Amino acid sequence: MTIAVEPVTGPVAEHAEGPVWCARWGGLRWVDMLAGDVLHLDADGTVRRRHAGKVAAVVRPRTAGGYVVAAERELLLADADDLDAPLRSLGEQWSDPGIRMNEGGCDPDGRFYIGTMAYDETPGAGDLYVAEPDGSLRVVVPGVTISNGFGFSPDGSLAYYADTSTGRVDVFDYEPGRGLWERRPFVSVDPERGAPDGLTVDAEGGVWVALWGGGAVHRYGQDGTLEAVVELPVVNVTAVTFGGDGLDRLFVTSSARGVDRAEQPAAGSVFTADPGVLGRPVLETTL
């Protein structure tokens with residue numbers, strides 16, 4: 001099945017990433033990662049932005065209200081849901097200026113995970129971390145290259161994860177007291193069709209994967225079978241989420257990095273589609 005998209009914004013970002021729908025926020029937020037900005041889509045289509053730091057890699061809601069932003073080397077907390085709420089740092093997590101945060105998400109028990117990568121994409125220079133209750137980070141998957149998509153099955157027993165450089169989406173078993181374990185391949189993507197970037201999981205357990213360099217989003221069934229393709233008018237597709245009041249819309253972000261805007265004028269836009277299946281509410285963090 002092929003699914004068409006339509007734009008919901010213009011090319012408002014250089015490197016749009018990490019779309020998240022939270023009803024409490026009043027809709028969709030995402031990041032312009034390397035500009036260090038968090039963006040918000042108002043109901044009338046207006047896009048607002050606030051600067052968070054040199055990098056804004058991920059934004060997620062907090063169960064206590066407010067939100068967390070993963071910045072270049074630190075986590076920033078807002079105590080209110082308003083986009084312009086003050087941000088406070090939980091402290092710089094490492095000193096190497098060549099390593100930055102890149103994509104993440106939450107588990108069903110409210111723990112926040114954040115991946116890292118080298119600016120120059122040095123193989124194995126990144127890690128996937130989980131944030132402890134005090135905000136410190138603990139490595140759970142070492143030696144990754146471009147830590148990207150992270151999402152859970154509807155029953156919370158499986159975690160899907162993409163290290164883009166591998167060309168795969170992997171799957172872990174998950175238990176609340178044990179965390180992630182038993183990593184194994186879920187699907188491999190033909191390099192000619194792009195590389196796996198951000199991902200999300202729908203209410204039926206289908207895994208939607210954005211394909212960097214592939215101009216598409218793929219939906220894989222629970223057995224890894226390719227079941228649907230969302231085609232986009234831009235090459236660098238970065239991430240995907242469900243949203244809308246009924247969680248019945250798909251939102252897809254894109255990047256203008258490394259492309260000719262004259263050839264791809266919509267690069268950096270956010271797109272939407274009718275996926276024919278419902279999503280699930282975003283997992284929030286207890287930080």
Side-chain angles (χ1 to χ4, degrees), residues 3 5-43 45-50 52 55-61 67-70 81 83 101-106 112-115 148-152 160 162 196-202 206-212 215-219 230 232 234 236-257 266-275 277-285:
I3 300 171
V5 300
E6 59 185 24
V8 290
T9 75
V12 295
E14 177 69 16
H15 187 60
E17 269 277 11
V20 176
W21 182 278
C22 179
R24 201 177 67 231
W25 293 343
L28 189 74
R29 288 184 185 170
W30 67 103
V31 297
D32 190 352
M33 185 179 286
L34 299 179
D37 293 345
V38 179
L39 286 72
H40 180 96
L41 180 66
D42 287 331
T46 300
V47 175
R48 293 182 288 131
R49 70 168 66 213
R50 66 90 46 88
V55 169
V58 181
V59 59
R60 285 291 186 279
Y67 57 94
V68 59
V69 179
D81 291 324
L83 180 66
M101 296 185 179
N102 188 71
E103 265 286 12
C106 301
F112 181 70
Y113 292 72
I114 181 66
N148 253 314
F150 185 70
F152 282 80
Y160 298 94
D197 200 322
L199 63 83
T200 192
V201 184
D202 64 39
V207 183
W208 299 74
V209 183
L211 298 179
W212 177 269
V217 174
H218 283 180
R219 181 191 192 260
V230 183
L232 287 98
V234 295
N236 291 333
V237 184
T238 56
V240 58
T241 197
F242 283 85
D245 292 340
L247 295 176
D248 57 353
R249 302 296 298 175
L250 201 66
F251 290 91
V252 186
T253 51
S254 65
S255 175
R257 294 192 71 201
S269 301
V270 178
F271 301 86
T272 189
D274 179 0
V277 64
L278 299 181
R280 297 174 300 125
V282 62
L283 297 175
E284 303 186 4
T285 177

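What you are looking at is a predicted structure, and each value in this text was computed from that prediction instead of being measured.
Of the possible donor and acceptor atoms, none in the side chain of T200 sits under 3.5 Å from a partner among the backbone N and O of W208. Between the side chain of N236 and the backbone N or O of A267 there is no donor-acceptor pair closer than 3.5 Å. With R280 contributing its side chain and F152 its backbone, the two residues share a donor-acceptor pair below 3.5 Å. Listed for the D81 side chain is no donor-acceptor partner under 3.5 Å among the backbone atoms of W25.
Contact check for V217 versus L232: side-chain heavy atoms found under the 4.5 Å cut-off. Taking the side chain as every heavy atom from C-beta outward, T238 and M33 never approach each other to under 4.5 Å. With contacts defined as side-chain heavy-atom distances shorter than 4.5 Å, the pair V282/R60 qualifies. Residues V234 and S269 have side chains not in contact (no heavy-atom distance under 4.5 Å, counting atoms from C-beta outward).
Listed here is the closest heavy atom pair of P275 and F242: CG-CE2, 3.6 Å. Closest of all the heavy-atom pairs between V20 and V59 is CG2-O, 3.3 Å. A pairwise comparison of heavy atoms in A239 and A210 identifies N-CB, 3.5 Å as the closest pair. Closest approach of L283 and C106 over heavy atoms only: CD1-O, 3.3 Å. Nearest heavy atom pair, residue V209 against residue P196, reads CG1-CB, 3.8 Å. In terms of heavy-atom proximity, L199 sits nearest to G151 at CD1-N, 3.6 Å.
Atom-to-atom distance recorded for L41:CG and R48:CZ is 9.5 Å, nearest 0.5 angstrom. Taking CD of E284 as the start and CZ of R24 as the end, the distance is 4.5 Å to the nearest 0.5 Å. Atoms CG and CH2, from D245 and W21 in turn, are 6.0 Å apart once rounded to the nearest 0.5 Å. We find the CZ-CZ distance between F251 and F271 to be 13.0 Å, quoted to the nearest 0.5 Å. To the nearest 0.5 Å, atoms CD (E103) and CG (N148) are separated by 5.5 Å. Taking CZ of R50 as the reference point, atom CG of L83 lies at 6.0 Å (rounded to 0.5 Å).
For the side-chain contact (heavy atoms from CB on, under 4.5 Å) test with V270, the passing option among L28, L39, V252 is L28; the others fail. A side-chain contact (heavy atoms from CB on, under 4.5 Å) with R219 is found for exactly one of D202, V230, V207, namely D202.
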Show your reasoning for whether side chain to side chain contact (heavy atoms under 4.5 Å, CB included) applies to H218 and L211. CA-CA 8 Å; H218 283 180; L211 298 179; 3.4 Å; yes
For a side chain to side chain contact (heavy atoms under 4.5 Å, CB included) check, start with the C-alpha distance between R249 and D274, then their side-chain angles and the critical distance, and finish with the verdict. CA-CA 5 Å; R249 302 296 298 175; D274 179 0; 3.4 Å; yes
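By the side-chain contact (heavy atoms from CB on, under 4.5 Å) test, A16 pairs with A13, W30, T253, sequence neighbours left out.
Between H15 and W212, the two ring planes are perpendicular [angle over 60°; tilted spans 30° to 60°].
With Y67 as the aromatic partner, R29 meets the cation-pi criteria of under 6.0 angstrom to the ring centre and within 45 degrees of the ring axis.
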